[in-house]
Amino acid sequence: MTSGGDEQRRVPCVQQALIPAAGRGLRLNRPNTPKPLVDVDGQALIVRLLGQMRQAGIEKAVVTLGYGAETIRPRLLTRFEPDMTVEVVHVPDWEKGQAHSLLCGMDRMDGPFLLAMADHVFSSGVIPALLRRSFEDSDVVAVVDPRVESVFDLESAVKVVRRNGTMVDIGRRLARYDAIDTGIFLVRPSIEEALAYAADLVPEAELTDALRFMLRHHDVRTTPLSPGSYWLDVDRPADVVRAETILRRHKRIGRVSRRSTDSHELLVTDPYHFVTGIPVETDVRVGRGMVENPQNFQFIPDSSASSPIYVFTDEKVHGLHGKRFVGKLKEQGYDIRAIVLPEGEGSKSLSTYETVVTEVLARGVDEQSLFISLGGGVVNNVCGFVASTIYRGLPLIHFPTTLMAQCDAAISHKQAINGPSGKNLIGSYYAPILVAVDIETLITVEDRLIVEGFAEVLKHALGQDVDYYRTLMDYAGSPRHLDFLEYVVKKNIELKADLMAHDPHELQAGMVLQYGHTVGHPIEHLSGYRLYHGEAVAIGMMVAAQVSVLMAGADRSLVEQHERLLNRYGLPTRIPQDIRTEDLLDSLRFNKRFLVEGTRMALVKEVGSIWSVDGDCTIPVSESVLVEAIEWSKSRSQCCHEQPSLLELEAV
């Protein structure tokens, strides 16, 4: 490892560099962030590039700045001293093009130099490898990528035609080509004449135009990107995501060395394979009166008729529905045993789990015992996790009684309890055999629980179905009207069931189900659970929308659409002031999508559509963007006027 580092740091024949960074970068138009300062892997693009140059032995770098110069300049000066001097050249008429901005920096070059694009990402070995090249009889050495099929945006890429290692043509619109320009070169000062010629003849001339002129009278040599190396032109929001993903992956792999430490060979057989199980199905029934009259709803399997049956509920639901529910089933002859949990999120704990499992095992259970949850999301989750772990899994049925549970918590194969550091940290994927949704139980639910339940409803509208969004925005009746509630429950079940059928572990399109939860779960936990789950998720969706805007993946209107919809249903939209940003960032480590390289989120690019890059819906988000979005949310607490919610209008 040491010898490789020494090789990178040896003194190269070229020790100065020129970086054009004067353009605006319209295709990556991040709010308040000039393109060279876009953050990738914890560093601004141009800072990362300069750092690689310094490590490779470059002693002086000249950066031409135009658009956003006043913001970029302070990030560069003095940062790399004493190992490397960075000089900034201001280009007031930067709109004239890249060739013109390069000309403005040429008078600082006193010999051959390295030329690299400010918005490109290179793997660590690219610059040192180029600096080891000689010019031979050429004036320019260009690094090219012959792996044409691997280039993401081939249409706008700069194509190259080669013959025996010499460039014979270059341009974006070439019909035939055999390599792609990677944006990094060794250059002699003779390029100045070609830059001036291109700047005079071609409006907004690029370096590519100058190279085409050079090909008439000078040799331009090409050197292929070495195996294992990579480069990226970060020109659009999707390119930032790709760059972040690739850099994190290489950082992850680079943590370990897989080289053999001795000469002993392992004798290992070819792999054996075993497959277990078939796709699991859960029946979901929606109706009215099933909890009031369970004796008329034949839901207990005959195989469980004589086995101990456990009904989980909480103190409040037990008084409203549980006693009657249990009594009606006992009248039919079933061996029903009630487990009544304390009300609230505190019951989703390891201590409750241990107490309940100990009680169930002591009272008796057999392999056909049935576990029934009657309550909201907490009861569903505790009962589900207990059922999934006793005897490695016993039959489970949910009777969800809150809007949150009917739209989300019970419509799931995920069963979980909380850990000391956050939400749902301990759990399993375990399918209930039945979910029975009784809309009439919502009559007894308090307003706040109805409101928080709508967060999961709005999540599906914002991330999955724009028509659903319009329906919810247009609705002007009472949010407590049973017919309306039945409509949203059925619609949510349809939308969620479709996602689960194709992505049960929420790795791709199913990431819609995680929307708002990456930041929402830490907010809920750090509030001491004074914020209900749906309230925290609503805030999390607002933060996620702002992240999409900051990453230039969505228009500013996305935030406004989120706020209008959330306000309409009475949900909060701002992080409470007493939750510290640093505590939120620390809690993000306990989200299951977090990797040690950083946070990944479900993000929306427009209402009804989750953001996907190359088929991947887990979008890596830098800490700087997260901090900006979190601080934005907290700063809005006293400045935004909210429209009355549907419940408030109904009260009037």
Side-chain angles (χ1 to χ4, degrees), residues 14-28 33-38 44-50 52-54 58-81 84-120 127 139-142 158 170 172 181-214 217-218 220 233-235:
V14 171
Q15 295 177 276
Q16 58 182 348
L18 178 59
I19 303 173
R24 184 169 185 177
L26 286 174
R27 295 208 296 175
L28 186 57
T33 306
K35 189 176 180 182
L37 295 185
V38 167
L45 283 168
I46 193 167
V47 172
R48 173 185 172 81
L49 179 62
L50 286 166
Q52 288 181 314
M53 288 180 174
R54 177 179 62 179
I58 295 296
E59 296 180 354
K60 181 181 79 171
V62 175
V63 182
T64 61
L65 296 179
Y67 177 79
E70 66 285 350
T71 304
I72 302 170
R73 183 186 179 94
R75 295 283 297 273
L76 306 183
L77 297 181
T78 73
R79 188 182 183 99
F80 299 94
E81 295 180 355
M84 182 172 71
T85 301
V86 177
E87 300 178 10
V88 171
V89 176
H90 183 58
V91 184
D93 48 354
W94 55 269
E95 296 95 336
K96 289 184 178 180
Q98 188 181 70
H100 173 73
S101 68
L102 283 168
L103 279 172
C104 292
M106 283 296 301
D107 62 350
R108 306 288 183 96
M109 299 291 102
D110 54 7
F113 58 93
L114 176 73
L115 193 160
M117 300 298 112
D119 57 357
H120 282 36
I127 295 176
D139 289 86
V140 176
V141 178
V158 176
I170 184 171
R172 297 185 189 275
D181 163 37
T182 66
I184 188 165
F185 312 83
L186 283 183
V187 182
R188 292 188 191 275
S190 56
I191 197 175
E192 184 171 6
E193 181 181 353
L195 289 169
Y197 191 55
D200 287 341
L201 295 181
V202 181
E204 300 180 10
E206 296 181 309
L207 173 62
T208 302
D209 300 304
L211 290 174
R212 293 198 81 180
F213 287 125
M214 283 200 77
H217 307 290
H218 300 270
V220 175
D233 180 359
V234 182
D235 196 38

Checklist entry - Can you list the steps and then say if Ile127 with Met53 is a side chain to side chain contact (heavy atoms under 4.5 Å, CB included)? => result CA-CA 7 Å; Ile127 295 176; Met53 288 180 174; 4.0 Å; yes

Item to check | Residues which pass side-chain hydrogen bond (donor to acceptor under 3.5 Å, both in side chains) with Arg48, listed by chain and number, not counting sequence neighbours | outcome: none

Checklist entry - Distance from Leu37 atom CG to Arg75 atom CZ, nearest 0.5 Å? => result 5.0 Å

Next on the checklist: Using side chain to side chain contact (heavy atoms under 4.5 Å, CB included), reason through Leu18 and Met106 one step at a time and then give a plain yes or no.
Outcome noted: CA-CA 8 Å; Leu18 178 59; Met106 283 296 301; 4.3 Å; yes

Item to check | Side chains of Lys96 and Val91 in contact at under 4.5 Å (non-hydrogen atoms) | outcome: no

Checklist entry - Donor-acceptor pair, Glu87 side chain versus Lys60 backbone, under 3.5 Å? => result no

Checklist entry - Taking the side chain as C-beta and beyond, is there a heavy-atom pair between Asp119 and Val38 under 4.5 Å? => result no

Checklist entry - Tell me, do Asp235 and Lys35 make a side-chain contact under 4.5 Å, heavy atoms counted? => result yes

Next on the checklist: Let me confirm one number: the CG-NE2 distance from Asp139 to His217, rounded to the nearest 0.5 Å.
Outcome noted: 12.0 Å

Checklist entry - So, Gln16 side chain and Pro112 main chain: donor-acceptor pair closer than 3.5 Å or not? => result yes

Checklist entry - Do the side chains of Thr64 and Leu102 get nearer than 4.5 Å, heavy atoms only? => result no

Checklist entry - Which residue pairs pass the salt bridge (charged side-chain N to carboxylate O under 4.0 Å, His left out) test with at least one member in residues 183-205, sequence neighbours excluded? => result none

Item to check | Side chains of His218 and Val140 in contact at under 4.5 Å (non-hydrogen atoms) | outcome: no

Item to check | Side-chain heavy-atom pair Leu114, Ile184 within 4.5 angstrom cut-off | outcome: yes

Item to check | Residue pair Gln98, Thr208: steps toward the side chain to side chain contact (heavy atoms under 4.5 Å, CB included) verdict | outcome: CA-CA 9 Å; Gln98 188 181 70; Thr208 302; 5.8 Å; no

Checklist entry - For Asp233 and Met117, what are the C-alpha separation, side-chain angles and deciding distance, and is it a side chain to side chain contact (heavy atoms under 4.5 Å, CB included)? => result CA-CA 9 Å; Asp233 180 359; Met117 300 298 112; over 6 Å; no

Checklist entry - What distance do Leu50 atom CG and Leu45 atom CG have between them, rounded to the nearest 0.5 Å? => result 11.0 Å

Next on the checklist: Restricting to non-hydrogen atoms, name the atom on His90 and the atom on Ala69 that form the minimum distance, rounded to 0.1 Å.
Outcome noted: ND1-CB, 3.7 Å

Next on the checklist: With rounding to the nearest 0.5 angstrom, report the OH to CG distance, Tyr197 to Asp209.
Outcome noted: 12.0 Å

Item to check | Over all atoms of both residues, closest heavy-atom pair of Ala205 and Ala198 | outcome: CB-O, 3.4 Å

Checklist outcome for this item: Separation between CD1 (Ile46) and CG (Leu65), nearest 0.5 Å, reads 6.0 Å

Next on the checklist: To check you understand the geometry: which heavy-atom pair defines the closest contact between Pro36 and Ala21, and what is its length?
Outcome noted: CG-CB, 4.0 Å

Item to check | Beyond-backbone contact of Ile191 with Met214, side-chain heavy atoms, under 4.5 angstrom | outcome: yes

Checklist entry - Any side-chain heavy atom of Val62 sitting closer than 4.5 Å to one from Phe113? => result no

Next on the checklist: I need the Phe185 CZ to Leu207 CG distance, nearest 0.5 Å.
Outcome noted: 5.0 Å

